[in-house]
Visitor: 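The structure is given below, and queries will be raised subsequently.
Small disclaimer: the values here were computed from a predicted structure and weren't measured. By convention here, the first residue in the shown sequence is residue 1.
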Amino acid sequence: MGSSGTGSFGDLKAPSNKELCLREIREVLLEEVSLSQYYNNQRKVPDKDYPVEVGGSTINGRLVVISSENHEIVGYIPSRFSYLLGCMKKGHKYTGSVIFSTESPIPRIMVNLDAQ
């Protein structure tokens with residue numbers, strides 16, 4: 001019983017920046033969806049499988065997820081993913097799709113993103 005590994009601290013080392021930039025980003029619950037351009041213009045959240053991407057710039061220092069179709073802001077990426085800005089400056093792009101959305105009790109959107 002217990003964990004497996006090599007028994008060395010190397011098992012605990014953080015991934016390199018390159019590895020971090022190429023990771024799949026799964027089940028990200030976007031922030032401030034009800035204040036987004038998309039929600040206010042469309043008066044709804046996007047449906048499941050709707051194509052999205054990480055915007056190429058920040059709004060008030062925060063990365064945004066935008067609609068791949070009309071480039072409206074869909075929501076903000078949580079700050080734990082702020083490293084993506086450095087990755088994007090190195091030429092990485094992130095595209096994906098909505099995997100969950102609801103308007104009740106509050107508008108919420110969850111996305112998966114892949115490095116390009």
Visitor: Does some side-chain heavy atom of Pro46 sit less than 4.5 Å from a side-chain heavy atom of Ile109?
Guide: yes
Visitor: Can Val64 be reached from Val45 by stepping across I, L, V, M, F, W or Y side chains whose heavy atoms are under 4.5 Å apart?
Guide: no
Visitor: State, with a plain yes or no, whether a side-chain heavy atom of Pro78 is found less than 4.5 Å away from one of Leu29.
Guide: no
Visitor: Ser68: which residues meet the side-chain contact (heavy atoms from CB on, under 4.5 Å) condition with it, sequence neighbours left out?
Guide: Pro51, Glu53
Visitor: Are Ile99 and Tyr39 linked, directly or through intermediate hydrophobic residues, by side-chain heavy-atom contacts shorter than 4.5 Å (ILVMFWY only)?
Guide: no
Visitor: Could you give the distance from CD1 (Ile66) to CD1 (Ile73), rounded to the nearest 0.5 Å?
Guide: 8.0 Å
Visitor: Does a side-chain heavy-atom distance below 4.5 Å link Ile77 with Val65?
Guide: yes
Visitor: Distance from Ser101 atom OG to Asp49 atom CG, nearest 0.5 Å?
Guide: 10.0 Å
Visitor: Kindly compute the distance separating CE (Met88) from OG (Ser57), expressed to the nearest 0.5 Å.
Guide: 8.0 Å
Visitor: State plainly whether the residues Asp114 and Arg26 are in salt-bridge range, i.e. N to O under 4.0 Å.
Guide: yes
Visitor: Could you give all pairs that pass the ring-ring contact (aromatic ring centres under 6.0 Å, His included) test and reach residues 40-88, with sequence neighbours left out?
Guide: Tyr38-Tyr50
Visitor: What distance do Ile59 atom CD1 and Gln37 atom CD have between them, rounded to the nearest 0.5 Å?
Guide: 7.5 Å
Visitor: In Å, rounded to the nearest 0.5 Å, how long is the span from OH of Tyr94 to CZ of Arg23?
Guide: 11.0 Å
Visitor: Kindly indicate whether the side chain of Ile25, heavy atoms from C-beta on, has any atom under 4.5 Å from the side chain of Leu84.
Guide: yes
Visitor: Given side chains that start at C-beta, do those of Asn112 and Glu27 come closer than 4.5 Å, heavy atoms only?
Guide: yes
Visitor: Could you list the cluster mates of Leu35? Members are the ILVMFWY residues connected by side-chain heavy atoms closer than 4.5 Å, either directly or through other members.
Guide: none
Visitor: Is the shortest heavy-atom distance from the side chain of Val52 to the side chain of Leu113 under 4.5 Å?
Guide: yes
Visitor: Considering all heavy atoms of both residues, which atom of Cys21 and which atom of Ala115 are nearest to each other, and what is their separation?
Guide: O-CB, 3.4 Å
